[in-house]
Every structure is written in structure tokens, then in C-alpha cells.
Visitor: 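Below is a structure I'd like to ask you about.
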Protein chains: 2
Amino acid sequence: MDSGIKRPGVTSSEVARRAGVSQSAVSRTFTPGASIAPKTRAKVLAAAKELGYRPNAIARSLITNKSRIIAVVMAYLENLFYPDVLEELGRQLAAQNYRLLLFTGSMARDSDPVFDQIMQYRVDGIILASTSLSSELSEECAAAGIPVVLFNRTTERDAVSSVTTRNREGGRRIGEFLLAGGHRRFGYIAGLETSSTNRDRYAGFAEALAEGGHTDIAIGTGNYSRADAEAAAREMLALPDRPDALFVANDHMAVAVMDVARYEFGLSIPQDLSIVGYDDVGPARWTSYGITTMSQPLKRMVDATVDILMEQISSGEIEAEHRILSGELVVRTSARVPESGVVEIDGRRVFKPKG
Amino acid sequence: MDSGIKRPGVTSSEVARRAGVSQSAVSRTFTPGASIAPKTRAKVLAAAKELGYRPNAIARSLITNKSRIIAVVMAYLENLFYPDVLEELGRQLAAQNYRLLLFTGSMARDSDPVFDQIMQYRVDGIILASTSLSSELSEECAAAGIPVVLFNRTTERDAVSSVTTRNREGGRRIGEFLLAGGHRRFGYIAGLETSSTNRDRYAGFAEALAEGGHTDIAIGTGNYSRADAEAAAREMLALPDRPDALFVANDHMAVAVMDVARYEFGLSIPQDLSIVGYDDVGPARWTSYGITTMSQPLKRMVDATVDILMEQISSGEIEAEHRILSGELVVRTSARVPESGVVEIDGRRVFKPKG
DNA sequence: CTGAAAGCGCTTACAG
DNA sequence: CTGAAAGCGCTTACAG
């Protein structure tokens, strides 16, 4: 048994020489579905093993014009929702035999240089989470035949697909829940004001409250960041007529807001203040927080994302597709629980009015 | 001004034709340092812009034998420490003009298929965080001339570099801190028992306690996972003679342990029970937890990792290098504070005995 | 400074 | 089923 140590440059030609076959035969051995005699194949495989040969994916990409690489652009990982998404994406892309090229951090905010990289590597698809895309860039991708999917964002752009949840309905549901809980003064800590998720969640929330006769909503801006959410909470909770019910646009901020309410204002949750979040991310489930929150079905969202990508890659047709999934209002301890409408499904409590 | 839309296959030859120069000239225009006349360069650049040309990184890789891709293998992102690391790695690699190919999740645990991918893509370097590497694979990388750096792990393997912090000293420091706080019964919630970090942290902790005359340490195993840590805490806190001081091998588990102690056992922290963690990750700083913890200097650890990689890539010499950095015991509210030894540095409280 | 040419390691018609 | 050959889009000696 040889050790299988690979010297820097083992090529298919070397394997061919060793196996006494042509270089084409070596290539066919490593191409699923190529026509090759079992005997030849065995010889090649043996030689390959001896030399520690592995096909060069770079050379293969050059000729097939497929890199089997998907670019994932994720501006910030601070919110655990995104690492969770990343992990699931990694799993599913690997299962489809695709690799994941990650672009994060500050560089991801200014999309131009990132897109230069993406185009240079001739990725087969692009997933944009927590980032948007300028119209020129998205058109450029479409023109180049590269499918783009927005994750948890949406846009009017023609060529860009998206996967989201019913944010507006989610916002409505939260409004109904807080109304049913008998709250009287409402507040909203917003996410990034330019994001579609934030707009939709707020719109639904305001709608529901208006139907309940409440048009006065205190608004603070958290920009989906902890520090901004804390500042917004401080301001809002210092109000003479402070809200007794707060919808915070995601759990990541809700955690920070709860700490401010409890430890800086001495408020009891939910007795003095009800807080509802969005996402149902890890810390929402931790006992210290127990956040009542609209869940986003992460796994199904990733399923849909990968599905759209695979479909567009294999068909070569880039037609924008918008998948919209539903979440549930998971009831925990951070908000007063209404008398009715809360049911237990699969071991968790969920708010389903008129059910 | 042209729109710059890129058709699928703009190549250097097409740009050359358009600019009225040779294909070599186009290549030189996009190769930093190549000898090209400013005038020629300008013509090429103009033509490239008109056609929306970008050099094909795949083709370039094939001939230069450098992919400018670094593989990052990160088994699990659940612990926020790792997303933080990932973000910083992304930033620093981008600054050095390298791309980051991410391998996560379950597939990362079984290293063989992952390594097959890594080798096929001819990555220029490999960073392993929260994963180890079998001896054959590390030797194979070394033989292939691919530098490997273990992040927050170490190993005896010859060819594999590592970046860690002084885990043993950290464990000692924590032991000293808890002794100075006047605790009498000690417990340890371990991480993965096979990991070097866990071994070293425990060894230092036990050493310090032994010097203080305590050789009896209650031990539970949390495997760096929340669920396991919770189970271990339940068991340990139900002990007739339960510890009044707990060292939990990382903050990720410490958060879970605190919730169990408070909400399942009704314990006050730190009055009934002191808890010290490790890492100084996000939630440790949240007011609900305020974990006293050994910090790991994440940015400097990433600096060191990238530094080792860049050095080995440019020199072509793979000689294992082990960088060991120091953290500090950051004092917050989860553990009783000793009378002396706690000093304030740069606005944070730190335990520095005999200082 | 420039262009013609070789070649990186593969895949894939093509002819047998 | 197999091999010889062309070619993917570049970089880089080489000669001028």
C-alpha cells in the first residue's frame, strides 16, 4: 500500500503514463457518466492512487465554463441568524457539490470591488444576504448569465430573485397579538430604514394597530445593530408616556432592548413592558430572554434559495423568481399572553387568532 | 459613456482586437508590474471598459499555479466566537487580495471529503478552526506545499502551524481568581475532551487550585455545546455538596450554565455561585450575563494566522510556526470579585494578581 | 515596450 | 471503448 502522498504537480498525463493509457482515459475515469471500460478505469484508479492524483478543478472549470462555486455575500455575522444561515447554506451547497466563496464584513457593504472579484472567479451563482445590490450590478450579472438570489431581502429589479417571509403579515400578527394582550401604548424599534424587511414589518404592524384604533406609534431606529437599538430603547423608555408594548424589528436588537429595559430602567418584562422580536434566533430561546417572536423558517428559506439557484444554473434561464414563506408567532415569556388565540403546536406555543 | 454590460465570454483576445493591440498587451495591462507603455495601457483599458472585460481568474490561476483562495474549515458557527473570527478573517484576507472558501457544518467534521475539495481547488492555504486534521492529511498538504494553520487549536504534527492563546496560564489565572474570591468548592464544565484547548485550560486550573490546597474538582462535560453543558450543569448543581465556583471552558457554554443555575436552581449569581468563562465573546458582555472571562485576542489571533500564511505562501517554505498570544481575565459580574488584584485598564476591569 | 508562440491541466468532439 | 488533437483564457519567456 503506497502512502498516497501527493507531489505538487501530479497531472492526468502522469497518471496516464503510469497506467499505460491515454490522458483522455484518465479524464474519463474522473468524469461521471463518461464512457470508459471498467478495466481501464481500474488501471487508472490504481495509478491515480499511487501518485496521489486529484483532478485539477481549476483546469476543469476553465474548459467546462462552470466553477461550481457560489458566492455568498453577507455583510455582517454579528446577528446569529446569519451564521445559522451560512451553516445551512454550506451544508446544502456541499450536498449539491458546490463550494461556497464567502464575502463578509465592511468590504461587502461597498459592492463594487466585491463584484469585481465575483465576476473574475466566474462563480455560478450569487447569494446576497444582508446586502443589496445596485441595479447596474444586478443587470450585469444577468447579462453574464449569473443567477442572483436575495436572501431575506427583496427588490424590484427584474433579474434578481428573492426569498423572504411574509414580513407584512408577520408585522400584522405581532400587532394583533399585542392588541389582544390589552396593551395601550405601542412602540417600534426599526431595523435599517432602507431595507424591505423593515418597511414591510412596520407596515403590517401599523396596519393592525390602526385597525385596533391606535395610530400613535413611538418610533426609534435601531438599524439592526445592538448599539443603535440600545440608544433607541433608552430614548423611548425615558418618554413620559412610555410604551407598554414594543415591537423590535429583529431578535438581535430585542435582546439588547430587553437588557436596557431591565437593567437600566428596572422594568419587569412582561409586567411593565412587553417585547416582541423577529427571526426566532438562538438567544430568543435562552431562558434569560425567552423572546416572543415571529419565526423565520431558516431551513426552508435556504432550501428555496438553493433550489432557485440550481434551477437557473441548470436551465441557463434567468427569470426572477420570488419565493415567499410563512413563519409563526412563537409565544414565550417576553410579552403578555392574550387570553385566547394561543395554541400549542408540536410542543411550542404559537399565536393563531380566530383559530 | 457605455453601459459596461458584460456579455458571457469577453476574453482578452476580444479586447485586444478592439484596442488594436496584441493579446499579450491586454494581459500586461492587467498584470501589476508588467512592462507596458502608458498609451497602450490606456487604449486597452478603454476597450476593456467598453466590452465589460474582467480577467478570468480561473485561467490566470491555471497558469500561475496560484488560486489566491484560502480554505477556511470551521466545524460549527453556533458559538459566536467563530463568526467573529470569520468576519475578521474575511476582512484581512480581502485586504491581502485573497478569497475565502468556506467549509462548515457536519461535512467539516469528517475531513476527508473536504480535503478532497480543497486539494482539487488548489487553494493556496488552509485555516482550520474548531476542527483538527488527521496526520495523513496534514502531511499530504505539506507534501503538496500548501500551508496549514490551526486556529485556536494546536497539535504535535510537524508540518502544521498554529495560533493559540496561553490556555494553561488562562486556566491558572482563573483558578487564582476564584481562590482569591474565597471560594471553597470548585467545578469544571469541560469542552471537547479531545481538544488541546480544553486539556490546557483544565490543567492550568487544576494546578492553581492544587497550589491553593484544593484537589477535589467536580467535573462535567459540555463538549463545547449548549445542550451538553446544560445537562452537565444540571447534574453538577444537583450535587449535595455543589460547587460555589464554576469554571466553564468557554463563554458559549457559560451562558447556558448561567441560565440553568438561575432559572432551574434559583441560584443567585455570584452570591450563591460564581461562574467564569473563556473567550470574551459577545453575550459575555450582555448585561444579563456579564461574564467574568479570559479574553482571547481575536484580532491579534487572526493577524497572526494571516501573517503565517502569507509568509509561507511567499517563501514557499513550510516550516511549522506556533504563535501563542496572551489574554486577560476580564472581570464582570458573574463571579465574586476578590478584595485585591483587580485593576482597571483601558476602562475595563482585569484581574492581575501581585500587581 | 511589443507580439508571436508555447503551455498551464483539463474536457470533448472526432475518427476509429 | 479509446486515443490524438483542438482549445478553454490566460501568463510569460523569447526575440525583436
Side-chain angles (χ1 to χ4, degrees), chain A residues 6-45 47-48 51-69 119-124 144-145, chain B residues 6-45 47-48 51-69 116-117 119-124 144-145:
Chain A
K6 174 188 174 298
R7 296 190 326 277
V10 184
T11 70
S12 56
S13 305
E14 298 178 53
V15 175
R17 201 173 312 134
R18 181 93 163 207
V21 300
S22 73
Q23 184 266 332
S24 315
V26 176
S27 174
R28 292 196 181 97
T29 299
F30 290 94
T31 305
S35 88
I36 183 102
K39 269 196 182 164
T40 316
R41 194 182 139 80
K43 270 194 293 186
V44 170
L45 249 20
L51 297 173
Y53 170 77
R54 284 191 183 78
N56 183 329
I58 302 276
R60 175 179 288 173
S61 294
L62 184 58
I63 202 160
T64 59
N65 216 8
K66 307 213 164 321
S67 60
R68 298 202 80 86
I69 290 177
M119 303 300 284
Q120 285 185 219
Y121 277 89
R122 304 298 197 258
V123 301
D124 292 344
Chain B
K6 173 188 173 298
R7 296 189 325 278
V10 183
T11 70
S12 56
S13 303
E14 299 178 52
V15 176
R17 202 172 312 132
R18 180 90 163 211
V21 300
S22 73
Q23 183 267 331
S24 315
V26 177
S27 174
R28 291 196 182 98
T29 299
F30 290 94
T31 305
S35 89
I36 183 99
K39 267 193 182 164
T40 315
R41 194 182 139 81
K43 270 194 292 186
V44 171
L45 250 20
L51 298 172
Y53 169 76
R54 284 189 184 79
N56 182 329
I58 302 275
R60 175 179 288 173
S61 293
L62 184 58
I63 201 160
T64 59
N65 215 9
K66 308 215 163 318
S67 61
R68 297 203 81 86
I69 290 178
D116 233 66
Q117 303 297 345
M119 301 301 285
Q120 284 185 219
Y121 276 90
R122 304 298 197 260
V123 300
D124 291 344

Visitor: Should A:Ser22 be listed as having a side-chain N or O under 4.0 Å from OP1 or OP2 of D:dA4?
Guide: no
Visitor: If only side-chain N and O atoms count, and only distance matters, is there a donor-acceptor pair under 3.5 Å linking B:Ser12 with B:Gln23?
Guide: yes
Visitor: What's the spacing between A:Ile69 CD1 and B:Ile69 CD1 if we round to 0.5 Å?
Guide: 5.0 Å
Visitor: Given atom CZ of B:Arg68 and atom P of D:dC10, what is their separation to the nearest angstrom?
Guide: 17 Å
Visitor: If you assign each of B:Ile63 and B:Arg28 to its closest nucleotide in DNA chain C, which residue comes earlier from the 5' end?
Guide: B:Arg28
Visitor: In whole Å, I'd like the distance from the CZ atom of B:Arg17 to the P atom of D:dG9.
Guide: 11 Å
Visitor: Taking only side-chain N and O atoms of B:Thr11, does any of them lie within less than 4.0 angstrom of OP1 or OP2 on D:dG9?
Guide: no
Visitor: Output yes when at least one side-chain N/O atom of A:Ser24 is less than 4.0 Å from OP1 or OP2 of D:dT2, else no.
Guide: no
Visitor: In whole angstroms, how far is the P atom of C:dC10 from the CD1 atom of B:Ile58?
Guide: 14 Å
Visitor: Which listed nucleotide (C:dG3, C:dC10, D:dT12) is nearest to the side chain of B:Val21?
Guide: C:dG3
Visitor: In whole angstrom, what separates A:Arg60's CZ from D:dC8's C1'?
Guide: 14 Å
Visitor: Would you say A:Ser12 reaches C:dC10's phosphate, i.e. side-chain N/O to OP1/OP2 under 4.0 Å?
Guide: yes
Visitor: For B:Tyr121 and C:dC10, give me the distance from atom OH to atom C1', rounded to whole Å.
Guide: 13 Å
Visitor: Both A:Ala34 and B:Ala59 contact DNA chain D. Which one's nearest nucleotide lies toward the 5' end?
Guide: A:Ala34
Visitor: Counting only Watson-Crick or G-U wobble pairs whose two distances fall under 3.5 Å, which nucleotide matches D:dA4?
Guide: none
Visitor: When you measure from the side-chain N and O atoms of A:Tyr53 to the phosphate of C:dC10, is any distance below 4.0 Å, counting only OP1 and OP2?
Guide: yes
Visitor: Between B:Arg18 and B:Tyr53, does the side chain to side chain contact (heavy atoms under 4.5 Å, CB included) criterion hold? Intermediate values first, please.
Guide: CA-CA 11 Å; B:Arg18 180 90 163 211; B:Tyr53 169 76; over 6 Å; no
Visitor: Within this structure, what is the CG-CG distance for the pair B:Asn56 and A:Leu62, rounded to the nearest 0.5 Å?
Guide: 6.0 Å
Visitor: Expressed in angstrom and rounded to an integer, what is the separation of B:Asn56 atom CG from D:dC10 atom P?
Guide: 5 Å
Visitor: Between A:Lys66 (NZ) and C:dC10 (C1'), how many Å, whole number?
Guide: 16 Å
Visitor: Starting at CD of A:Gln120 and ending at C1' of D:dG9, how long is that distance when rounded to a whole Å?
Guide: 13 Å
Visitor: Check every atom of C:dG9, C:dC10, D:dT2 against the side chain of A:Gln23 and return the nucleotide holding the closest atom.
Guide: C:dC10
Visitor: Any strand is fair game: report the nucleotide pairing with C:dA13 by Watson-Crick or G-U wobble, both distances under 3.5 Å, or none.
Guide: none
Visitor: Would you check, one step at a time, whether the test side chain to side chain contact (heavy atoms under 4.5 Å, CB included) holds for B:Val10 with B:Val15?
Guide: CA-CA 8 Å; B:Val10 183; B:Val15 176; 4.1 Å; yes
Visitor: Select base, sugar-phosphate, or nothing to describe what A:Ile36 touches, counting heavy atoms under 4.0 Å on all strands.
Guide: sugar-phosphate
